[in-house]
There are 2 protein chains.
Amino acid sequence: MTDRPAPLASSKALNIAQEVRRRIIDREWRQGDRIPDEVELAIELGVARATVNKALQLIAEEGLLERRRRAGTHVTVNPVRKAVLSIPVVREQVEQAGRTYSHRVISQRLRPVPAKVAARMDLAPGSQLIHLRTVHLADDAPFQAEDRWPNPAAVPEMLAVDFRRDNANEWLVRNAPYTRADLSFSAENANKRDVLLLDTRPGQALLVLERTTSNDMGAITHVRLAFHPGYSMSAE
Amino acid sequence: MTDRPAPLASSKALNIAQEVRRRIIDREWRQGDRIPDEVELAIELGVARATVNKALQLIAEEGLLERRRRAGTHVTVNPVRKAVLSIPVVREQVEQAGRTYSHRVISQRLRPVPAKVAARMDLAPGSQLIHLRTVHLADDAPFQAEDRWPNPAAVPEMLAVDFRRDNANEWLVRNAPYTRADLSFSAENANKRDVLLLDTRPGQALLVLERTTSNDMGAITHVRLAFHPGYSMSAE
DNA sequence: CTTCGTGATATGTCTAAACTTATTCATCGA
DNA sequence: TCGATGAATAAGTTTAGACATATCACGAAG
């Protein structure tokens, strides 16, 4: 029987990263301190420098370390908290919760964009876009109200699509891939339309996600998603 | 003059990643397709396999590719959108906007935790924690209302700290590093206290961030941050 | 027909070595 | 005193090669 080299719950690089995090958290390396360089750590830990490099880069991405050529690696003084949000497709979100998904298109027609949306999409005010209003349901209860402005200039075929049959989000993901997405979260008091779509009362606080997606050619779509009351979005 | 080997706007690995993204976006590789394996790509692009590996791992993290040993690398069918939120320390957030930061501690005392908070922090109901209420100001206008439950069991010294002088968030970051943070966003209608602290009207929709931080020993603190009306949080 | 190996294969990981590049620091000259 | 210059340094990147490991696919045994 060959003795296995390590328990290997995970990779060497990850073990090193964990050890480095421990030293930072346990104050062996204080905020602002310069830590030993890659060569030293490689020798101390008995691995190749490339492995130490991988581990340190990982932690630097997490924000606990700052690295600069020649200056060395330092423990970040005021680490900015980063949170990764996963924003799944509505349908999957609903189905993953074990509920039945459906959606209803309220309206679909060509309209000039409102100024605010035009600004976000970097379009000339008054441009004609498709305007689409949809409500997404979980077990026939309103889950999310969608107010979308797809840009036919991005994908001309979209003018021929009937979004009553094809889910707009999924059609766009498949037919108009984007390279950039700007999103923002806010809280809004339910307006009349929200009340109607989400079956709630006026003024109810709603979590609102606004997203603008674009590629090199320009904006593809802007969408405002209002979640049902009480919805909360988790991270990390 | 030695002719430089490449324009080298960035590294080879990043250039390869960009090229791979392009092929996915331009539909040269369709959703679900298996793409050429690392060795093939390395030969095609004239680089080492390790470089291709780095590029593909990067894109897999972004969610556009799925990789499994032996099965190969496939283009993700329904990519989950991921967004990275940066959650800066309040003080820096305010100062970065060119405004003057200040804060006022409304109350600080030992109290039994409410059931909801106890559940989040995984504590026995009725445990005694410090309860701290603070309002953060930008140019003397309310910016954020904070409702915090630090756990003295995590760092006993905190019982002796006067948070009127030391910013609680910053004291904790320095003296009680955490390894885990759970956060969630929601929208809430302003309650009476929010109205008072944020100088707004009852029912106003507020963006609320709740965060529980902990380390191996258990929960360190739970905090509810209510932002001033109209505040929005952006990502990517 | 099903189940259980077993080999082939694509990715995962690590290493040692070399080269590149940004940045600091000390030295020297104006 | 100040600024320019250049050497030294630490991280960044790439390479070729090796071995590890998960899993797919196929064939043998039941």
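Just so we're on the same page: letters track the sequence lines, and every chain starts at 1. Values reported hereafter were calculated over all heavy atoms of this structure, with side chains retained and with hydrogens, waters and symmetry mates removed.
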To the nearest angstrom, the CG-C1' distance between B:D37 and C:dG12 comes to 14 Å
- Task: Mind telling me whether A:Y231 and A:F143 have parallel, tilted or perpendicular rings, with 30° and 60° as the class edges?
- Result: perpendicular
Can you tell me if the side-chain N/O atoms of B:T73 get under 4.0 Å from OP1 or OP2 in C:dA10? no
To the nearest 0.5 Å, atom CG of A:L172 lies from atom OG1 of A:T213 at 7.0 Å
So, OP1 or OP2 of D:dT15: does either fall under 4.0 Å of a side-chain N or O from B:K12? yes
Taking D:dC24, C:dT11, C:dT13 as options, the one with an atom nearest any side-chain atom of B:A71 is D:dC24
* Asked: OP1 or OP2 of C:dT24 less than 4.0 angstrom from a side-chain nitrogen or oxygen of A:R68, does that happen here?
  -> yes
Separation of D:dG12 atom P from A:R69 atom CZ, nearest Å, is 7 Å
The correct set of residues in residues 41-60 of chain A placing a heavy atom under 4.0 Å from DNA chain D is A:R49, A:N53, A:Q57
Check your understanding: Is the shortest distance from a Lys or Arg side-chain nitrogen in B:E236 or A:R180 to a carboxylate oxygen in the other one below 4.0 Å?
Key -> no
Whole-Å distance, A:R34 CZ to D:dA11 P, equals 7 Å
A:I35 CD1 to D:dA10 P, in whole Å, measures 13 Å
Closest non-hydrogen contact found for B:S186 with A:L207 is C-CD1, 4.1 Å
In whole angstroms, the gap separating C1' of C:dA10 from CD of B:E40 amounts to 11 Å
When every non-hydrogen atom of A:F185 is compared with those of A:M233, the smallest separation belongs to CE2-SD, 3.3 Å
Whole-Å distance, B:E66 CD to D:dA22 P, equals 19 Å
In whole angstroms, the gap separating P of C:dT13 from CD1 of A:I16 amounts to 13 Å
Atom CZ of A:R70 and atom P of C:dT24 are separated, to the nearest Å, by 8 Å
Taken to the nearest 0.5 Å, the spacing of A:N151 CG from A:H222 NE2 works out to 13.0 Å
d(B:L132 CG, B:T134 OG1) to nearest 0.5 Å is 4.0 Å
